[in-house]
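A note on names: the letters A, B, ... follow the listed sequences, proteins ahead of strands, and every chain is numbered from 1.
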Amino acid sequence: MAKQYWLMKSEPDVYGWDNLVQDGSGIWDGVRNHSAKLNMQAMQVGDEALFYHSNIGKECVGIMKITEAAFPDPTAEEGSPWVVVRVEPGRALAHPVTLKAIKADPKLADMDLVRLSRLSVGRVTPDEWKHILKRSEQPEG
DNA sequence: GCCAACGTTGGC
DNA sequence: GCCAACGTTGGC
């Protein structure tokens with residue numbers, strides 16, 4: 001299957017991009033929403049995901065690689081449906097792409113991030129992905 | 001199976 | 001701190 005793109009949210013005061021860079025690798029645990037779970041189950045090794053800082057910053061800050069497909073969340077009860085994926089930091093964006101900029105951009109305003117503001121793991125289309133990366137090349141992208 | 005109440009998330 | 005959106009729970 002072709003490479004897929006995702007966006008994953010975390011509050012930076014709980015676990016931010018810098019934490020992931022320091023750790024070198026991490027599992028994306030604690031997701032307790034079925035839509036988000038389905039998205040994680042659709043992820044494949046080699047897919048890429050934006051790391052989005054929710055609440056504080058409200059911006060995409062880096063690119064992660066999915067390095068292991070979904071497996072049961074070790075922080076969830078035995079027998080529960082929740083899963084995690086393993087991720088590694090790829091590279092930081094040259095300039096963060098803010099929610100404000102995304103909302104203001106007609107090409108991006110239809111993203112899961114905007115339409116489903118509470119969804120913590122969303123899909124990003126290849127077009128949206130390219131566009132965000134392009135915007136990240138310049139300040140106030 | 002419907003719906004009101006409540007809790008959580010996340011932007012503002 | 002407030003509120004909108006959404007999911008879950010529980011009474012009926």
Roughly how far, to the nearest 0.5 Å, is CZ of A/R91 from CD of A/E48? 8.5 Å
Check the distance between [N]'s [atom2] and [X]'s [atom1] and give it to me in whole angstrom.
| X | N | atom1 | atom2 | value |
| --- | --- | --- | --- | --- |
| A/I102 | B/dC12 | CD1 | P | 11 Å |
| A/L113 | B/dC12 | CG | P | 10 Å |
| A/M8 | B/dG10 | CE | C1' | 18 Å |
| A/R115 | B/dG11 | CZ | P | 16 Å |
| A/K37 | C/dC6 | NZ | C1' | 17 Å |
| A/E11 | B/dG10 | CD | C1' | 8 Å |
| A/H53 | B/dG10 | NE2 | C1' | 15 Å |
| A/I56 | B/dG11 | CD1 | C1' | 13 Å |

The nucleotide from B/dG10, B/dC12, C/dC6 with an atom nearest the side chain of A/K9 is B/dG10
Taking the side chain of A/K58 as heavy atoms from C-beta outward, which of B/dG10, C/dT8, B/dC12 is closest to it?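 Closest nucleotide to the A/K58 side chain: B/dC12.
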So, A/K9 side chain and A/S117 main chain: donor-acceptor pair closer than 3.5 Å or not? yes
In the hydrophobic clustering that connects Ile, Leu, Val, Met, Phe, Trp and Tyr at side-chain heavy-atom distances below 4.5 Å, which members other than A/L119 occupy its cluster, ordered by chain and number?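 A/L116, listed by chain and number.
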Is A/K103 close enough to B/dC12 that one of its side-chain N or O atoms is under 4.0 Å from OP1 or OP2 there?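 A/K103 to B/dC12 OP1/OP2: side-chain N or O found under 4.0 Å.
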Would you say B/dT9 has OP1 or OP2 under 4.0 Å from some side-chain N or O of A/Y52? no
Taking 4.0 angstrom as the limit, do A/R32 and A/D73 come out as a salt bridge?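 Yes, A/R32 and A/D73 are salt-bridged.
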